[in-house]
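In what follows, a single structure is set out as structure tokens and then discussed.
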Amino acid sequence: MSITHPGSSSSAAQTRRAIANTLKGSAGNLIEWYDLYVYAAFSAYFASYFFNAKDPAQAQIDAYLTFALTFLMRPVGSWFFGRYADRHGRRAALTLSVSLMGVGSLLVAVLPGIAQIGVWSTVLMYASRLLQGFSVGGEYGTSATYMSEVATAKRRGFFSSFQYVTLVGGQVLALLSLVILQSTLGEADLKAWGWRIPFAIGAVAALIVLWLRRTMDETISQEQVAAAKSHGSGSGEGGEFEAVQPGTLKLLFTKHWKPFAVVVFLTMGGTCAFYLYTTYILSFMNNVSGIPKTQTSVINFWALFVFMLLQPVFGLLSDKLGRRPQLIVFGVLGAIFTWPIMSTLAGVKDPMIAFLLMLAGLVIVVNYTSISALVKAELFPSSVRALGVGLGYAVANSLFGGTVPFIGEWLSSAGHKEWLFTYVTITIVISLVVYIFFLPNKKHTPLDAEFGAAFGASATADDDGREPSRVG
């Protein structure tokens, strides 16, 4: 059954349908990132259990190294799921990704420690996190693409902002579980078995999302699926599909390599700032500022909760003012204030001041996070959108964002904590150059024509901005 794209009308019925599909598409994103951040939030309690029972400091570094290693699987997951989504449909790819995440979360929930099975405990922890990285690598690009495609035309920024509402929401839920368990269980119980609870919750939640996603609308046309099956011989609404198969690296790197490069470098500064203020900052306040763990958990929870609520506000703002100006605001403020915020936080003992400093950093970053997924999706045609968005994001995260906690912990232990502030500032400046000189200014361009509009000189037959009909 063919259904017109919800962006073609502003009717109440289509708006409700867009809302329903956005919730289903983003629910898995919530659980994927919850699982990722549960690992970071609870690593202080299980690091010695899996990595190094004799040296807690080294065990924590090893735990963060494992966190960083998961990002190595993101490009692989983005390639696999992006290709799968562009060839077989967004729904099929999103269903598979959340299933794999559930398996990885369940494995951690039941995994014995090094005292029981020796080095195999560490190996299996690595395996579970690599599976998680593979899964979330596919989730980001495909869900970002899906939410941009099911959104109504004039509210694409608003609907797409829920990509980061759920992404940050996953971290908020992870921190909430940490706060609850810290207040109900003693330190000994948390280290002995309490840290397993949130991973078990993640596995159960994955099953619920799997059931929800069975009723998602599909957003790629039957013609595109047929083209993939017949090696590019199918046709789409805008004429013949590209000679190269949809969702392939050949298509991406021969005809859309410029927007792919833009995605990598526009993501660089944003992902470093994001992981600095949402992930590493928890350890930074514990170890450098000297604020107790129970207080830093509460600080992080409330700051991230406000950050989460700001996503749709700034997404809606981008529908009015445009994406590029908002990214430039992030780049300028991030370049100026990253060092002052973090260096001041290093000497803060007052929890309220620490909260305000963290929130200040997040208010800067929201200018990036609220629209980054949509900006990337708007650079590609549907035939390679999921692959281009997911792989570009994953490469930037693997090289830059995912390594921030590990680099920060290592530099801090070496007595050079301020070097991390410099590193993040440099990445933001590089991204700012991309925002200013390499992003098209689409403020006065009808939103329906934005897809595939970048680098129009190299656009191909199906890059005319028209979306395929949805099939149910």
Side-chain angles (χ1 to χ4, degrees), residues 16-42 70 77 81 84-85 88-111 128-129 131-147 149-151 159-181 184 193-219 301 304-305 308-309 311-312 373 386 390 472:
R16 288 194 297 270
R17 188 158 197 158
I19 293 172
N21 281 313
T22 298
L23 291 175
K24 294 172 185 176
S26 61
N29 200 48
L30 175 73
I31 302 306
E32 291 270 12
W33 292 91
Y34 163 83
D35 181 71
L36 176 72
Y37 289 123
V38 155
Y39 178 91
F42 283 85
T70 65
F81 285 101
Y84 194 83
H88 301 285
R90 318 304 192 205
R91 180 173 56 199
L94 288 171
T95 300
L96 178 59
S97 69
V98 78
S99 300
L100 294 179
M101 171 261 146
V103 172
S105 192
L106 180 61
L107 178 59
V108 178
V110 300
L111 187 60
S128 74
R129 295 301 88 192
L131 180 62
Q132 202 280 339
F134 178 77
S135 172
V136 80
E139 181 73 26
Y140 178 90
T142 308
S143 62
T145 296
Y146 182 77
M147 282 188 273
E149 291 172 343
V150 298
F159 280 106
S160 296
S161 70
F162 282 87
Q163 170 82 359
Y164 265 87
V165 169
T166 52
L167 192 155
V168 178
Q171 187 165 10
V172 168
L173 288 178
L175 284 170
L176 180 60
S177 65
L178 177 61
V179 170
I180 292 173
L181 289 174
T184 56
W193 56 270
W195 58 265
R196 295 183 184 274
I197 295 174
F199 289 100
I201 292 173
V204 174
L207 289 176
I208 297 173
V209 173
L210 182 62
W211 177 78
L212 285 174
R213 283 186 165 176
R214 293 172 58 252
T215 59
M216 291 168 59
D217 286 325
E218 183 53 73
T219 57
F301 172 79
L304 288 172
F305 185 75
M308 178 182 68
L309 296 181
Q311 302 299 322

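Numbers here simply count residues along the sequence, with the first being 1.
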Out of curiosity, [X] [atom1] to [Y] [atom2], how far, rounded to the nearest 0.5 Å?
| X | Y | atom1 | atom2 | answer |
| --- | --- | --- | --- | --- |
| Leu23 | Met216 | CG | CE | 11.0 Å |
| Met147 | Thr142 | CE | OG1 | 10.5 Å |
| Leu212 | Thr95 | CG | OG1 | 10.5 Å |
| Ile201 | Asp35 | CD1 | CG | 11.5 Å |
| Trp33 | Ser143 | CH2 | OG | 9.0 Å |
| Thr70 | Leu131 | OG1 | CG | 11.0 Å |

Testing the basics here: between [X] and [Y], what is the closest heavy-atom pair and its distance to 0.1 Å?
| X | Y | answer |
| --- | --- | --- |
| Val98 | Gly28 | CG2-CA, 4.2 Å |
| Ala109 | Ala200 | CB-N, 3.8 Å |
| Ala205 | Ile31 | CB-CD1, 3.4 Å |
| Ser99 | Leu210 | OG-CD1, 3.3 Å |
| Gln311 | Val165 | CB-CG2, 3.4 Å |
| Val168 | Met308 | CG1-CB, 3.8 Å |

Where the side chain of Glu139 meets the backbone of Asn29, is there a donor-acceptor pair that is under 3.5 Å apart?
-> yes
Checking Ser135 side chain against Ser97 main chain: does a donor-acceptor pair fall under 3.5 Å?
-> yes
May I have the list of side-chain donor-acceptor pairs in residues 173-180 shorter than 3.5 Å, sequence neighbours left out?
unit_1: Ser177; atom_1: OG; unit_2: Leu173; atom_2: O; d: 3.4
unit_1: Ser177; atom_1: OG; unit_2: Ala174; atom_2: O; d: 2.5

Hey, does [Y] have a side-chain heavy atom less than 4.5 Å from the side chain of [X]?
| X | Y | result |
| --- | --- | --- |
| Phe301 | Val172 | yes |
| Tyr37 | Leu167 | yes |
| Ser26 | Tyr146 | no |
| Thr166 | Glu32 | no |

Can you check side chain to side chain donor-acceptor pair (under 3.5 Å) on Gln132 and Ser105, steps first, answer last?
-> CA-CA 8 Å; Gln132 202 280 339; Ser105 192; over 6 Å; no
Steps toward ring pair (Phe, Tyr, Trp, His ring centres under 6.0 Å) verdict (Phe81, Phe134) = CA-CA 9 Å; Phe81 285 101; Phe134 178 77; 5.3 Å; yes
Just do the side-chain contact (heavy atoms from CB on, under 4.5 Å) check on Phe42 and Leu181 with the steps written out, would you?
-> CA-CA 10 Å; Phe42 283 85; Leu181 289 174; 3.7 Å; yes
Mind jotting down which residue pairs meet the side-chain hydrogen bond (donor to acceptor under 3.5 Å, both in side chains) criterion with at least one end in residues 194-205? Sequence neighbours excluded, please.
-> Tyr49-Arg196
